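Here is the structure we will look at, set down as structure tokens.
Below, read A as the first sequence line, B as the second, and so on, with proteins coming before strands; counting in each chain starts at 1. Note that these values count all heavy atoms, side chains included, but never hydrogens, waters or copies made by symmetry. These figures come from a predicted structure and were not determined experimentally.
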There are 2 protein chains.
Amino acid sequence: MTQVRKRRPSSPKQAAKCCGPLDSLLDPVLFKAFSDPTRVSLIGCLAKCGRECSVGEVAECCSVDFSVVSRHLALLARSGVLKATKEGRTVFYSVRYAELSRSFRSLADALDECCPTTSARRKVLCC
Amino acid sequence: MTQVRKRRPSSPKQAAKCCGPLDSLLDPVLFKAFSDPTRVSLIGCLAKCGRECSVGEVAECCSVDFSVVSRHLALLARSGVLKATKEGRTVFYSVRYAELSRSFRSLADALDECCPTTSARRKVLCC
DNA sequence: CCTACATTTGCACCATGACGCAAGTACGCA
DNA sequence: TGCGTACTTGCGTCATGGTGCAAATGTAGG
């Protein structure tokens with residue numbers, strides 16, 4: 001044993017609320033939505049389409065199973081990336097461009113505020 | 001069997017290069033870096049710190065094992081989120097604020113361009 | 001009501017990834 | 001060269017998540 005380790009078995013995966021608005025903007029749920037290549041390709045398909053698409057239409061875009069597409073689209077809707085509109089038995093999905101743009105832009109703003117080159121160099125010690 | 005499915009067993013997880021700049025900006029690697037709560041808390045710790053931090057300093061911020069912090073920070077550096085600077089046997093990590101801000105801002109721009117409310121409604125059929 | 005269609009859900013399988021411990025590496029210093 | 005410090009890496013374990021198939025659900029139309 002050559003090293004001191006900290007082992008607090010309770011509360012793994014806690015979110016440390018640290019740096020002002022940055023923490024709330026870095027939502028793991030939103031980023032997880034974009035972290036899978038299949039999901040990204042589905043978003044790309046919807047973007048290329050330029051209109052609302054049904055699950056079946058999106059499924060024609062990619063090689064995975066129909067049910068997989070359904071699950072991915074539902075997850076993306078839950079994450080706030082897509083908007084789901086049900087018409088009869090068909091569900092139309094579309095990209096929430098404006099909301100996403102706003103999220104990423106405010107995240108960029110928050111990052112700029114933290115940037116040591118633009119703001120004065122802070123001396124706050126970590127924890 | 002009540003449903004037609006497509007099964008192209010070759011090339012799973014292909015990235016469909018669809019909608020102009022959007023696809024290249026939606027890099028799953030970058031988003032995967034932000035998709036883990038522990039990693040996000042480490043980033044928050046570095047942000048709160050406001051300066052370069054060693055692995056040991058960051059490790060004091062959270063409850064996970066030292067080795068876990070080391071791995072997460074290395075991954076974040078590989079993903080382009082952090083900058084690693086080695087001084088002797090100590091590695092200092094800092095957040096690439098400017099680069100990240102630029103990435104997210106250009107992503108927001110690309111999303112705005114795709115937005116049907118700002119640009120003319122397109123009629124392109126998907127696939 | 002019955003049937004066809006669009007989508008969702010249950011289940012099993014497998015790959016990936018996060019984690020902790022221990023051992024290994026790299027570096028500075030005496 | 002030996003020791004201590006700072007970090008990395010190998011390995012086993014466990015949880016999560018992506019996938020495909022089949023069955024179930026929900027919904028319109030005859």
Would you say Cys53(A) and Cys45(A) have SG atoms less than 2.5 angstrom apart?
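No, because the SG atoms of Cys53(A) and Cys45(A) are not under 2.5 Å apart, which misses the disulfide cut-off.
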
Between [atom1] of [X] and [atom2] of [Y], what distance do you get to the nearest 0.5 Å?
| X | Y | atom1 | atom2 | value |
| --- | --- | --- | --- | --- |
| Leu26(A) | Ile43(B) | CG | CD1 | 6.0 Å |
| Thr38(A) | Arg71(A) | OG1 | CZ | 12.5 Å |
| Lys48(A) | Ser41(A) | NZ | OG | 11.5 Å |

Can you tell me the distance, in whole Å, between the [atom1] atom of [X] and the [atom2] atom of [N]?
| X | N | atom1 | atom2 | result |
| --- | --- | --- | --- | --- |
| Leu42(B) | dC7(D) | CG | P | 13 Å |
| Phe66(A) | dA22(D) | CZ | P | 16 Å |
| Asp65(A) | dT9(C) | CG | P | 15 Å |
| Tyr93(B) | dA6(D) | OH | C1' | 11 Å |

Classify Phe92(B) by what it touches in the nucleic acid, base, sugar-phosphate, or nothing, heavy-atom distance under 4.0 Å.
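The residue Phe92(B) makes no contact with any strand.
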
Name the closest nucleotide to the [X] side chain, picking from [options].
| X | options | answer |
| --- | --- | --- |
| Asp36(A) | dG18(D), dG20(D), dT8(D) | dG18(D) |
| Lys32(A) | dT8(C), dA18(C), dG17(D) | dG17(D) |
| Ser67(A) | dA22(D), dC19(C), dT8(D) | dA22(D) |

Minimal non-hydrogen separation, Ala77(B) against Tyr93(B), with atom names:
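Nearest heavy atoms, Ala77(B) then Tyr93(B): CB-CE2, 3.9 Å.
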
Looking at Leu46(B) and Tyr97(B), what are the two nearest heavy atoms and their distance?
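Heavy-atom minimum between the residues: O-OH, 4.2 Å.
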
Keeping Arg39(B) on the side-chain end and Ala33(B) on the backbone end, is there a donor-acceptor pair under 3.5 Å?
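Looks like yes, one N/O pair under 3.5 Å.
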
For DNA chain C, the expected dot-bracket line (Watson-Crick or G-U under 3.5 Å, [ ] crossing, | inter-strand) is ||||||||||||||||||||||||||||||

Close side-chain approach of Leu42(B) and Cys61(B), heavy atoms under 4.5 Å:
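No, every pair of side-chain atoms sits at 4.5 Å or beyond.
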
Could you run down nucleotides 25-30 of chain D 5' to 3' and tag each one B, S or - for protein heavy-atom contact under 4.0 Å?
-BBS--

Could you pull out all residues at least two apart from Ser54(B) that satisfy side chain to side chain donor-acceptor pair (under 3.5 Å)?
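Side chain to side chain donor-acceptor pair (under 3.5 Å) list for Ser54(B), sorted by chain: Glu57(B).
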
dC5(C) phosphate, OP1 or OP2, under 4.0 Å from Thr90(A) side-chain N/O:
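Looking at the OP1 and OP2 atoms of dC5(C), neither is under 4.0 Å from any side-chain N or O of Thr90(A).
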
Taking distance alone, no hydrogens or angles, what donor-acceptor pairs closer than 3.5 Å link side-chain atoms of residues 99-110 of chain B to residues at least two apart or in another chain?
unit_1, atom_1, unit_2, atom_2, d
Ser101(B), OG, Ala108(A), O, 3.4
Ser101(B), OG, Asp112(A), OD1, 2.9
Ser101(B), OG, Asp112(A), OD2, 3.1
Ser103(B), OG, Glu99(B), O, 3.2
Arg105(B), NH1, Asp109(A), OD1, 3.0
Arg105(B), NH2, Asp109(A), OD1, 3.1
Arg105(B), NH2, Asp112(A), OD2, 2.5
Ser106(B), OG, Arg102(B), O, 3.0
Ser106(B), OG, Ser103(B), O, 2.9
Asp109(B), OD1, Arg105(A), NH1, 3.0
Asp109(B), OD1, Arg105(A), NH2, 3.1

Give every donor-acceptor pair under 3.5 Å between a side-chain atom in residues 78-85 of chain A and any protein atom, sequence neighbours left out.
unit_1, atom_1, unit_2, atom_2, d
Ser79(A), OG, Leu75(A), O, 2.8
Lys83(A), NZ, Thr85(A), OG1, 3.4

What residues in residues 70-78 of chain B put a non-hydrogen atom under 4.0 Å from any atom of DNA chain D?
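Here the set is Ser70(B), Arg71(B).
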
